[in-house]
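A quick note: this is a predicted structure, and the numbers were derived from the prediction, not measured. Numbering of ligands and ligand atoms starts at 1, following listing order.
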Amino acid sequence: MRRSRVSSVVFVLSLCVAGAAALTRLTPVAAQAARFDVLVRGGTVVDGTGAPRRRADVGIRAGRIAEVGTLADAMAATVIDATGHIVAPGFIDVHTHADELADHPFAEHFALMGVTTVIAGNCGSSPVDVGAAFGKITTTKASINFATFVGHNSVREAVMGTARRAPTADELAKMEALVAKAMADGAVGFSTGLQYVPGTYAATDEIVALAKVAAKSRGVYASHMRNEGTELEAAVAETIAIGRQAGLAVQVSHLKVDAPSRWGASATALAMIDEARASGMTVLADQYLYDAASSNLGIRFPSWALEGGQPAINTRLDDPKTWARIKEEMRKLIRERGLENYSFARIANYPADTTLNGLTIPEVAQKLKGSKDLDAQFETMRTMLRAGGASMVYQFMAEDDISRILRHPMVAIASDSGLNTLGRGVPHPRGYGNAVRALGRYVRELKVITLEDAVRKMTSLPAAQFGFADRGTIAPGKAADIVVFDEATVGDRATYDKPHQYPAGLTTVLVNGVPVVTKGAHTQARPGQIVKAAR
Ligand SMILES: [Zn+2]
């Protein structure tokens, strides 16, 4: 055994030497003189720190940025002409649901909008075994870098199912052990999704106990809060209190005001974040740049009605008395938000009948129940939830809140997107456009923030929060995650009606020094790495 192994090593070595000799013969000058593997030449560097842009070339060796400066005459194996274009660090998308990256390793829609690193496991939903998830991605290889949280809902469900009660001491210990294992495997922190089953059944002290485990590994606490509109301030207060009691940095997920009756409340939420920061805490937020949210149908129902899985849900929906109670609570919930009906709710994907995808609830009510009135809308939602539910797009945010949140320096820009398959369903357009929408709509058209600041919010700001020490800026020694775009044309093209459209104006994306996008097209290269915090 031993002998054959040695001889195969010798064989491989001799092949390498022969290959190198052949290369030298074919391109003697380049092979001998190349200082860089890749040279991005002629561009204007926006380095991710927020500093003003400057003219510079970027030389890359062995997947890292080797030099930044005047390098126009340097030899390189691959030269990328960035004349007239912006050269920025690859975007770090801190809030995604790209958990299934191993099944969609090219992640085309992320790569084509300049996202080179995704953080998955948000809103409480992640693989429970983070080490196994990393192993799967490492084996498959992906086009983009990957990091993940460990999610509270997933951990709670593994231990307690969807029980609507506090954990026993034994159950809490089991959950703590799962979080500890995930952190040891390299999770960036602990996430919650407190509007979803079963996380919504957890009291604050349970979350503090689990966040304390993540704090031991210096993880971040990220939260899809209990409420994002009618009780926004209470939810922000709880999120900050958890961070303070558990002793770790906080990331408020997809900060928004999702109730017309509370539009403007983002000012208070941001002031609460400022106050916590002034007291010495690390509190950041992230946002996506659209006036509609994406979620499931169940979130529009009272959470007690969703306990115990589909059979238990259907038993409640089928019982006239219970259904009447559910309907009254739903009526109250939309009224409190300042909404008259469900015209704000559009189906993204309804597996039971995909011909209804893209329609609003009143439109579906007309089709299924012959009426658009509110009661027909409730009945429609009852029918849909009974048939397994749907993924939905909910249009209920205001542009003023989006812009106010975006102007805050400690808010990162993140898509909240899962992995899309081109042409499938009617997903939220953010998965195709969020990062470039920042550069096109919010920088160039609306002038809400500067280009340098938008880039900072997608690069060095998240890199610092999550301890990605070697990413997020263009500087020697950093991983060569780089995006090249035309600031005059860059922008999103995906819409609510036609989401499956890749962006405009973004030409080149390098991940760890390897081109994943060239001339606006995916190269099918898979140089992505697992990214862990350096703490
Ligand atoms: Zn969420």
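Legend: residues meeting side-chain contact (heavy atoms from CB on, under 4.5 Å) with Arg277, ordered by chain and number and at least two apart, are Ile273, Val283, Leu284, Met410.
Within 6.0 Å of the CD atom in Glu275, the count of heavy atoms belonging to other residues, nucleotides or ligands does not exceed 12.
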Donor-acceptor pairs under 3.5 angstrom involving side-chain atoms of residues 122-136: please list them, not counting sequence neighbours.
{"from": "Asn122", "atom 1": "OD1", "to": "His95", "atom 2": "ND1", "distance (Å)": "3.2"}
{"from": "Asn122", "atom 1": "ND2", "to": "Val94", "atom 2": "O", "distance (Å)": "3.2"}
{"from": "Asn122", "atom 1": "ND2", "to": "Thr96", "atom 2": "O", "distance (Å)": "3.3"}
{"from": "Asn122", "atom 1": "ND2", "to": "Ile119", "atom 2": "O", "distance (Å)": "3.2"}
{"from": "Ser126", "atom 1": "OG", "to": "Gly151", "atom 2": "N", "distance (Å)": "2.8"}
{"from": "Asp129", "atom 1": "OD1", "to": "Gly131", "atom 2": "N", "distance (Å)": "3.3"}
{"from": "Asp129", "atom 1": "OD1", "to": "Ala132", "atom 2": "N", "distance (Å)": "3.0"}

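Shown are the protein N/O/S atoms under 2.8 Å from the Zn ion (ligand 1), given by residue and atom: Cys123 SG, His224 ND1, His254 NE2.
Put simply, the residue from Leu422, Thr495, Leu112 that forms a side-chain contact (heavy atoms from CB on, under 4.5 Å) with Tyr432 is Leu422.
Salt bridge present: Arg262 and Glu233 bring a charged side-chain N and a carboxylate O closer than 4.0 Å.
Within the structure, every pair that satisfies the ring pair (Phe, Tyr, Trp, His ring centres under 6.0 Å) test and touches residues 211-249, not counting sequence neighbours, is listed here: Tyr196-His224, His224-His254.
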